[in-house]
Amino acid sequence: MLTLNQIKNNPEELIKKLSVRNKDFSQLIHDAIKTDNKRKEIQSSLDATLEQSNKIAKSIGQLFKEGKQAEAGKAKSEAAELKEKAKELTAKLNDAKAELQTILFEIPNIPHPSVPAGKTDADNAEIRAGGTIPKLSKKVPHWELADTYDLIDFELGNKITGAGFPVYKGKGAKLQRALIAFFLDEADKAGFTEIMPPLVINEASGFGTGQLPDKEGQMYQVTEDKLFLIPTAEVPVTNLYRDVILKEDDFPIKMTAYSSCFRREAGSYGKDVRGLNRLHQFDKVEIVQIQHPDKSYETLDEMVAYVESLVQKLELPYRIVRLCGGDLGFTSALTYDFEVYSAGQDKWLEVSSVSNFETFQANRLKLRFKKVGEKQTQPAHTLNGSALALPRIVAALLENNYTEEGIKIPEVLQKFTNFDLIN
RNA sequence: GGAGAGAUGGCAGAGUGGUCGAAUGCGGUAGUCUUGAAAACUAUUGUACUCACAAGGUACCGGGGGUUCGAAUCCCUCUCUCUCCGCCA
């Protein structure tokens with residue numbers, strides 16, 4: 001969430017910056033300022049009322065001690081009036097605050113200057129690409145390969161749970177385990193501390209990273225306990241630092257976590273959700289960093305380079321795109337998406353999203369730091385990225401490495417799978 | 001699931017209606033001493049809003065509500081934690 005300072009500092013400039021998102025935010029911005037001014041006005045008159053009332057209350061104590069009953073009684077009635085006034089003002093203040101909060105929740109993060117204008121993913125800017133697209137004698141989609149080699153059973157998943165909950169079997173299951181171990185080992189080598197977080201979160205955590213209030217429809221809910229299944233490990237891991245004040249030399253904080261992820265994906269349908277392309281439950285290794293504002297873009301580049309190293313090691317053809325304003329997530333200032341080419345479907349699949357949220361999450365999380373010798377706190381920057389999400393990587397591995405002898409396992413994975421061929 | 005106890009500042013832990021933003025200890029920071037360090041001593045040390053990040057003011061003692069002129073302290077409610085019993089990987 002943006003702070004009032006960010007909004008009031010230069011509203012017109014802000015509106016211009018936000019317009020990159022392909023939407024006009026001028027009404028919201030002006031409403032925010034208006035509502036905050038109203039809030040301030042009410043607040044200061046409430047504060048003044050309370051001040052008076054506090055003073056009188058103190059004097060009453062004094063008067064009683066001195067035995068001046070009559071004066072005390074008079075002061076009491078005076079205080080009662082002030083109390084009535086304070087009550088009214090408090091109600092007004094709460095209204096204004098709630099109104100302001102609603103408005104602030106609707107204002108997205110400010111896109112970084114490098115974010116290209118545009119409406120859809122077609123307008124995303126390709127940064128670079130790598131790997132070679134394999135020339136296959138036969139293009140077979142992964143759901144057929146999964147069936148042929150008995151790796152993943154989508155029908156069984158339907159039976160046990162429903163669509164989008166596949167059952168991995170035999171070498172299919174081992175491949176999952178291998179990828180998780182590989183990704184975690186790589187993250188460890190790159191200096192990320194391994195975290196194993198809860199898979200269920202409370203409301204406060206959902207607010208902290210921005211899934212709530214408006215995206216609760218995308219999460220599975222445990223209504224009886226007011227909990228949510230995590231859509232990504234980003235939520236519990238980033239929330240480890242909710243309400244934390246760091247010291248400047250605590251940066252950078254680097255964490256990685258493997259978790260299952262649960263997404264309702266309401267509204268998805270058709271061929272995009274075929275096979276592993278879009279699931280309700282999937283596995284992912286996430287990397288999260290908390291960084292000093294001066295260094296967060298350097299860090300973002302490092303994270304992109306790190307994810308790139310993963311797809312390279314897996315020998316997958318890939319491209320990196322910078323998301324355009326229309327495609328950029330609500331909470332993100334700059335996002336790079338990784339896509340790998342899946343030869344059987346003849347299609348690019350998004351496998352990772354690496355973002356800098358700047359202070360947007362930190363403001364909600366109340367994740368701040370203090371400079372040495374300074375009293376003032378300021379929000380830290382948060383970043384995260386998938387490193388990596390498994391299903392589409394599996395899809396591309398199966399499809400791209402399919403040969404007449406079977407499916408070849410990339411060399412880096414073999415020590416984790418203990419086999420080099422699926423046949 | 002049953003019974004009981006509790007939730008106070010970074011931590012430990014006082015405080016049961018006014019002088020409490022809150023004793024004390026530990027920790028942190030700065031300084032004195034020292035070649036340096038330790039010890040000792042001295043000072044300082046929560047967050048946010050208002051505001052010029054001054055002074056002053058306001059709020060916050062798990063969350064919400066109430067009683068009262070006045071609440072950390074009394075009442076209601078919710079959440080969480082701990083202990084014992086039960087169940088159980």
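Convention: sequence-line order gives letters A, B, ...; per-chain numbering from 1.
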Inset, instruction - With C1' as the reference atom in both, quote the distance from B:G18 to B:C74 in angstrom, rounded to an integer. - result: 15 Å
Inset, instruction - Flag the pair A:Asp36 and A:Arg39 as a salt bridge only when some basic side-chain nitrogen lies within less than 4.0 angstrom of an acidic carboxylate oxygen. - result: yes
Legend entry - Side-chain N,O (A:Lys40) to OP1/OP2 (B:C51) below 4.0 Å: yes
Inset, instruction - Taking atom C1' in both B:C61 and B:G4, compute the distance separating them and give it to the nearest angstrom. - result: 24 Å
Inset, instruction - Establish, yes or no, whether the cationic atom of A:Lys171 lies under 6.0 Å from the six-membered ring centre of A:Phe419 and within 45° of the ring axis. - result: yes
Inset, instruction - Could you let me know what B:A3 is paired to, Watson-Crick or G-U wobble, both distances under 3.5 Å, or none if it's on its own? - result: B:U83
Inset, instruction - Sticking with atom C1', work out how far B:A7 lies from B:G64, rounded to a whole angstrom. - result: 15 Å
Legend entry - Side-chain H-bond candidate by donor/acceptor type, A:Tyr318 with A:Glu339, under 3.5 Å: no
Legend entry - Candidate nucleotides B:C69, B:U50, B:G57, ranked by approach to the side chain of A:Ile60 - the nearest: B:C69
Inset, instruction - Verify the distance criterion only: is there a donor paired with an acceptor across the side chains of A:Ser259 and A:Lys284 at less than 3.5 Å? - result: no
Legend entry - Between B:A72 and B:C20 - C1' atom distance, rounded Å: 8 Å
Inset, instruction - Indicate, with a heavy-atom threshold strictly under 4.0 Å, whether A:Lys370 touches base, sugar-phosphate, or nothing. - result: sugar-phosphate
Legend entry - Separation of atom CD in A:Gln52 from atom C1' in B:U58, rounded to whole Å: 14 Å
Inset, instruction - Assign A:Lys83 to base, sugar-phosphate, or nothing according to its heavy-atom contacts below 4.0 angstrom with the strands shown. - result: base
Inset, instruction - Could you check which of B:C69, B:A59, B:A48 has an atom nearest any side-chain atom of A:Arg368? - result: B:A48
Inset, instruction - Can you tell me the distance, in whole Å, between the CD atom of A:Glu78 and the P atom of B:C69? - result: 14 Å
Inset, instruction - Provide the distance between the two C1' atoms, one in B:U44 and one in B:C49, to the nearest whole Å. - result: 25 Å
Legend entry - Over 12 foreign heavy atoms within 6.0 Å of CD, A:Glu41: no
Legend entry - Residue A:Ala57, side-chain atoms from C-beta onward, closest of B:G18, B:C49, B:G46: B:G18
Inset, instruction - Starting from the 5' end of RNA chain B, give me the residue, A:Lys87 or A:Thr377, whose nearest nucleotide shows up first. - result: A:Thr377
Inset, instruction - Please measure how far the P atom in B:G62 lies from the corresponding atom in B:U16, and state the result in whole Å. - result: 15 Å
Legend entry - P spacing across the pair B:U42 / B:C26, given as an integer number of angstrom: 11 Å
